[in-house]
Amino acid sequence: MHRVYLDNNATTPVLPEVFEAMRPWFGERFGNASSIHHHGQDTRAAVESARESVAELLGCNAPEVVFTSGGTESDNLAIAGLVAAGDHVITSGIEHHAVLHAAKHLEELGCEVTVLPVDGRGLIDPSDVRRALRPKTKLISVMMANNETGVLQLAEEIGKLAAEAGAHFHTDAVQAAGKVALDAKRIACQALSISGHKMHAPQGVGALYVKKGTRLTPLFYGGRHERSRRAGTENVPGIVALGKAAEMAKQAFDRGGQERMSAMRDRLEQGILAQVGEAGVNGDGAPRVPNTSNIHFDHIEGEALVIALDLKGLAVSTGAACSSGAMEPSHVLLAMGLKPERARASIRFSLGKQTTEEDIDFALSIVPETVARLRSISPRYNKQVVST
Ligand code: PLP
């Protein structure tokens with residue numbers, strides 16, 4: 001069966017070059033980076049070279065990069081590591097659960113948390129950030145790009161407000177890294193999270209940028225790895241892969257890869273909307289990363305559409321998370337003001353470096369007819385057609 005994968009915000013395939021870069025570190029080159037003998041020093045050099053590559057992608061200095069097990073750990077490390085009981089934290093209602101649930105846990109530990117709203121496009125108004133500031137505000141955590149809609153926040157403005165208020169700024173850039181240029185210094189953040197498997201490195205590796213001079217309480221207790229910021233023997237193959245993926249992301253920017261990606265995404269989006277009525281882009285009108293399109297197809301269940309498309313060979317996803325057996329509408333789309341029905345009727349298409357024009361043609365050849373077929377058997381749609 002011909003299969004096309006447009007769910008790159010869930011995870012990306014490891015690029016062949018990235019796999020080749022990491023392969024020796026499973027076998028013939030195998031030291032512990034803390035060992036002082038040849039094997040250890042060989043490994044240490046590889047880890048430090050990867051750190052340089054990641055630092056270059058993030059616009060920071062290598063010692064400011066802390067390797068972690070992925071985006072969730074990076075978010076937790078930033079959030080738990082930058083505040084203490086009694087502090088006030090500001091975040092937003094559209095964050096990934098790695099941030100929202102970490103912030104909820106802080107509440108249990110005696111912090112106060114303000115969750116900011118977003119507008120209909122999914123954007124946080126910086127003046128809401130300003131209004132939420134209190135003398136005890138220690139941390140603002142606002143994501144750079146949303147995983148469901150791809151909407152990009154005004155991170156620089158929020159960073160400026162944090163700096164003026166003397167608060168730390170953390171941004172979850174897991175869905176931004178490799179898709180838009182990042183510059184930790186310009187964003188004026190103290191911490192920034194990335195994850196390997198969202199940028200063509202493997203699952204289980206990530207990094208947290210921590211600005212020089214920022215005091216960070218570690219999550220784990222153990223050895224002095226990562227300058228005492230993250231205890232645990234380094235995942236060398238994963239780190240080498242993340243370094244290579246960062247290098248390749250940087251080269252792709254220089255070659256205009258993002259423009260090609262957004263042209264393909266726009267062709268997909270416009271092609272669908274030209275053929276399907278009562279559909280629209282969630283997050284339309286806001287700046288977005290070049291690879292993501294979240295579209296509502298009124299009168300159908302997004303989950304049914306995902307399954308129907310999968311049966312035809314196209315992998316996409318709903319923004320909805322399955323909790324306790326029931327499909328809950330996406331908290332991101334609800335926060336944007338979508339009615340639960342429309343939120344449930346939304347699906348996400350997300351492109352990757354491996355996506356081709358033929359993949360877009362394939363999606364365009366099956367999405368409109370699949371939506372039409374699902375609507376034709378939807379009692380909700382038929383009732384509406386009869387009554388209008
Ligand atoms: N933050 C965002 C915005 C994400 O999209 C994800 C993963 O979906 C994460 C954090 C968690 O990253 P990881 O899967 O590496 O733990």
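Here, residue 1 is the first one in the sequence, and each next residue gets the next number. Note that ligands are numbered from 1 as they come in the structure, with each ligand's atoms numbered from 1 the same way. Note that the structure is a prediction, hence the values are computed from the model and not measured.
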Completion exercise
The atoms of ligand 1 lying under 4.0 Å from a heavy atom of Ser195, numbered in the order shown, are 13 (P), 15 (O)
Handout entry: Charged N-O contact under 4.0 Å between Arg375 and Glu278
Key = no
Exercise for the section: Kindly say whether Asn8 contributes a backbone atom to a donor-acceptor pair with the side chain of Ser350 at under 3.5 angstrom? Expected result: yes
Problem - ligand 1-proximal atoms of Thr72, by part, heavy-atom distance under 4.0 Å - result: both
Handout entry: Arg3/Asp310 ion pair, N-O < 4.0 Å
Key = yes
Exercise for the section: Could you list which atoms of ligand 1 come closer than 4.0 Å to a heavy atom of His197? Expected result: 13 (P), 14 (O), 15 (O)
Practice task
Show which atoms of ligand 1 fall inside a sub-4.0 Å distance from at least one heavy-atom site of Asn147.
Solution key: 3 (C), 5 (O)
Handout entry: Within-shell test, Lys198 vs ligand 1, heavy atom, strictly < 4.0 Å
Key = yes
Fill in the blank from the handout: Looking only at protein heavy atoms, what sits closest to atom 13 (P) of ligand 1 is Gly71 N, 3.5 Å
Practice task
Applying salt bridge (charged side-chain N to carboxylate O under 4.0 Å, His left out), run through Glu303 and Arg344 and close with a yes or a no.
Solution key: CA-CA 8 Å; Glu303 199 195 8; Arg344 275 201 205 91; over 6 Å; no
Handout entry: Interfacing atoms of ligand 1 (cut-off 4.0 Å, heavy-atom, Gly70)
Key = 15 (O)
Problem - Ala98 N/O to ligand 1 N/O under 3.5 Å - result: no
Handout entry: Donor-acceptor contact below 3.5 Å, side chain Glu148 vs main chain Thr318
Key = no
Handout entry: atom 4 (C) of ligand 1: nearest protein contact (heavy atom, Å)
Key = His96 CD2, 3.2 Å
Exercise for the section: State whether a side-chain donor-acceptor pair under 3.5 Å links Asp75 with Ser193. Expected result: yes
Problem - Enumerated ligand 1 atoms positioned under 4.0 Å from heavy atoms of Asp75 - result: 1 (N), 10 (C)
Fill in the blank from the handout: Note: ligand 1 atoms sitting under 4.0 Å from heavy atoms of Met143 are 3 (C)
Handout entry: Residues Lys185, Glu64; criterion side chain to side chain contact (heavy atoms under 4.5 Å, CB included); working and verdict
Key = CA-CA 11 Å; Lys185 297 273 181 287; Glu64 295 173 310; 2.9 Å; yes
Practice task
Of all the heavy-atom pairs spanning Pro368 and Leu364, show the shortest one and how long it is.
Solution key: CD-O, 3.2 Å
Exercise for the section: Among all protein heavy atoms, pick out the one at the shortest distance from atom 5 (O) of ligand 1; state its residue, atom name and that distance to 0.1 Å. Expected result: Gln175 NE2, 2.8 Å
Exercise for the section: Check whether any side-chain N or O of Asn76 sits under 3.5 Å from a backbone N or O of Thr72 as a donor-acceptor pair, and report yes or no. Expected result: yes
Handout entry: Nearest protein heavy atom with distance in Å, relative to atom 3 (C) of ligand 1
Key = Asp172 OD2, 3.5 Å
